[in-house]
Amino acid sequence: MIIVLDRRSTELRASVDGGELEPVGDLAAFVARFERDRPRWVWDDTSWWYPQLLAARVRVDRCFDLRLCHSILRLSELTAGSQLATAPIGPWDRPALEPRPRDDALFELDDADAEPLPDPVAEFQAQRAAVAASSEPGRIDRLLAVESAGALIAAEMQYAGLPWRAREHDEILTRILGPRPRAGERPARLAAVLERVRAAIDVPDLNPDSPVELLKHLRNAGLAVASTSQWELADIEHPVIEPLLEYKKLARLLSANGWTWLETWVADGRFRPDYVPGGVVTGRWATSGGGALQLPKQIRGAVVADPGWSLVVADAAQLEPRILAALAGDRAMMTAGAAGDLYAGIVASGTVETRDQAKVGMLGAMYGGTTGESGRILPRLARAYPRAIGLVEEAARAGERGEKVTTRLGRSSPPPSEAWREAQADASGESATEAATKRARSQARSWGRFTRNFVVQGSAAEWALCWMASIRARLRELADGAWFTDSAHLVFFLHDEIVVHCPAGQAESVAAAVRESAEEAGRLLFGSWPERFPVTVAIVDNYGQAK
DNA sequence: GTACTGGGCCAC
DNA sequence: AAACGTGGCCCAGTAC
């Protein structure tokens, strides 16, 4: 069953299985009634519809998020010839849709130039047509389904929140920075280390938070530095270095995740980040506000399970190189990963000497690194794993030619900008200057690094979506009809890592579900292909205790 | 006052 | 004195 929901008028309407649009009356009651038949809900934007349903304690199993699906179909090479992909840019291509029209006349006056919301029924039909005409409808349809499932999960995680102990957070800050000071003052330990910085270069009123000022005084003190970043300072011998690096560390914690952050983002014992599914070109999630995807390890100790509950923390081991091995069908690399630690397996094969070399080399291959140790190791990896390394090299060459690349399930990279194309065209002309050629070459390489990484990062993001969707389905079975936050539920996601909050008695079942879901995600992407996706699972009270 | 940019650094 | 992918957020500094 398919139900398209429409919010173009203040009276919400629905089309059931292709029927006429009819008023729904009370939305939550309507959805709850039809949800018993497990329809696929089709709506313009999950972040508009779903939070209000959750607030009314109505959960849905499946949806199509038309805006997210549109942006995939618009760019995908698998639907390149479709009407949807060739139509002019329209309202479905906007990053976020406009809010619901209001009755309020004044508001409408203000809002007069806002574009009307588009027709979801017509858009759904256009999307189905694009999928049906695709060279690989199964892949793209799976991508649309898991992308949409991700949108449901993001809304559910925000509703549930990550359990957060403000007192524990305060204790961590106090231990590292000193007690919370009055507004505008530095905490004691931060102030003390700043005095050591000022003394070391004899500048009593130094403002260490101004890079320009700091750089000037460091150079006056005789340090041959071009910036104040830690990678440059770390190697220098001078009494100011140690306290300065310490100051930067503490100041970062204070400004990014200090007491102000705590007051802004934690309420009622929960941190509720605003996840943005599909917010990154590669298909990764982004966040807006709260910085959930940059939660520093230092403060993860403030994430504490409720009394009688546990946290199941799981992360996929060496996800990206495993994805690459599977994408490329590189048996040798799969063999390296079969026993557990992929990097250790590369060492065991005799390709490199240390685990760190294996890791640096693989990351360099996937990011396009050419200098330093990763550059030196790459040729050895290329000999041992010609298919895997060949795949990322080919993705880079395609990008340098201005072509698209596509992930496992069918998300394609955007085309390079018009300026990029012009630069390439200028460089190939007869009258091209040496500078123009050099600039074009540099831009081409840069775009090649982007497409090189896109294939791996984007396919890994698809794996993670499949993993989460599968976990969500298994946890629903485990809940046995209970409201989802009263049973095991997802509370956190970090690219290749998830956290489930669950009654302690469920923890072992959840751990099993998480492992089974990782296997299922591998099958959803690669069928019966033998690459394995092992996950490390920890059952803890406190996120800081995991790994 | 707000809007924007660059430096810097956190995560993967 | 950066390179080597994807981001967000804070701060200082500047333009308006």
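Each chain gets a letter, A, B and so on, in the order the sequences are listed, and its residues count up from 1.
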(message) Between A:R401 and A:E394, does the salt bridge (charged side-chain N to carboxylate O under 4.0 Å, His left out) criterion hold? Intermediate values first, please.
(response) CA-CA 11 Å; A:R401 292 191 297 267; A:E394 185 40 50; 3.1 Å; yes

(message) Measure CZ/A:F492 against P/B:dA11 and give the value in whole Å, please.
(response) 11 Å

Distance-only criterion, 3.5 Å: show the donor-acceptor pairs between side-chain atoms of residues 153-164 of chain A and protein atoms not counting sequence neighbours.
from: A:E156; atom 1: OE1; to: A:R59; atom 2: NH2; distance (Å): 3.1
from: A:E156; atom 1: OE1; to: A:R472; atom 2: NE; distance (Å): 3.0
from: A:E156; atom 1: OE2; to: A:Y50; atom 2: OH; distance (Å): 2.6
from: A:E156; atom 1: OE2; to: A:R59; atom 2: NE; distance (Å): 3.1
from: A:E156; atom 1: OE2; to: A:R472; atom 2: NE; distance (Å): 3.3
from: A:E156; atom 1: OE2; to: A:R472; atom 2: NH2; distance (Å): 2.7
from: A:Q158; atom 1: NE2; to: A:P273; atom 2: O; distance (Å): 3.4
from: A:Y159; atom 1: OH; to: A:W483; atom 2: NE1; distance (Å): 3.3
from: A:W164; atom 1: NE1; to: A:H169; atom 2: ND1; distance (Å): 3.1

(message) Considering every strand and a 4.0 Å limit on heavy-atom distances, what is the contact class for A:K297: base, sugar-phosphate, or nothing?
(response) sugar-phosphate

(request) Indicate whether any N or O donor in one side chain lies under 3.5 Å from an N or O acceptor in the other, for A:D65 and A:S148. (result) no

(request) Give A:G290 one of three labels, base, sugar-phosphate or nothing, depending on what nucleic acid heavy atoms sit under 4.0 Å from its own. (result) sugar-phosphate

(request) Rounded off to whole Å, could you give me the CZ-to-P distance for the A:R284 and B:dC10 pair? (result) 17 Å

(request) Take atom CZ of A:R376 and atom P of C:dA3, then tell me their distance rounded to the nearest Å. (result) 17 Å

(request) Would you kindly compare A:G279 and A:N207 by the position of their nearest DNA chain C nucleotide and give the one closer to the 5′ end? (result) A:G279

(message) Looking only at the side chain of A:T282 (C-beta and beyond, no hydrogens), which of the listed nucleotides C:dA12, B:dC10, C:dT6 gets closest?
(response) C:dT6

(message) I'd like to know if A:R252 reaches the base of B:dC9 with its side chain such that a donor and an acceptor end up less than 3.5 angstrom apart.
(response) yes

(message) Which residues in residues 213-243 of chain A have a heavy atom closer than 4.0 Å to any atom of DNA chain B?
(response) A:S227, A:T228, A:S229, A:Q230

(message) Whole angstroms only, please: what is the CZ-C1' distance between A:F493 and B:dC12?
(response) 10 Å

(message) Output the rounded distance in Å from CG (A:D209) to P (B:dC9).
(response) 12 Å

(message) Can you measure A:Y367 atom OH to C:dG5 atom C1' for me and round it to whole angstrom units?
(response) 6 Å

(message) Salt bridge check, A:R196 against A:E242: does any charged N sit closer than 4.0 Å to a carboxylate O?
(response) yes

(request) Just call it for A:V281: base, sugar-phosphate, or nothing, with non-hydrogen atoms closer than 4.0 Å on any strand. (result) sugar-phosphate

(message) Whole angstroms only, please: what is the CD-C1' distance between A:E320 and C:dT6?
(response) 9 Å

(message) So if I take every side-chain heavy atom of A:R300 and compare against C:dA12, B:dA11, C:dT6, which nucleotide ends up nearest?
(response) B:dA11

(request) Using a heavy-atom cut-off of under 4.0 Å over every strand shown, decide if A:S374 touches base, sugar-phosphate, or nothing. (result) nothing

(request) Quickly work out the A:L190 CG to C:dC10 P distance and round it to whole Å. (result) 17 Å

(message) Any base atoms under 4.0 Å from A:G364, or only sugar-phosphate, or nothing? Heavy atoms, all strands.
(response) nothing

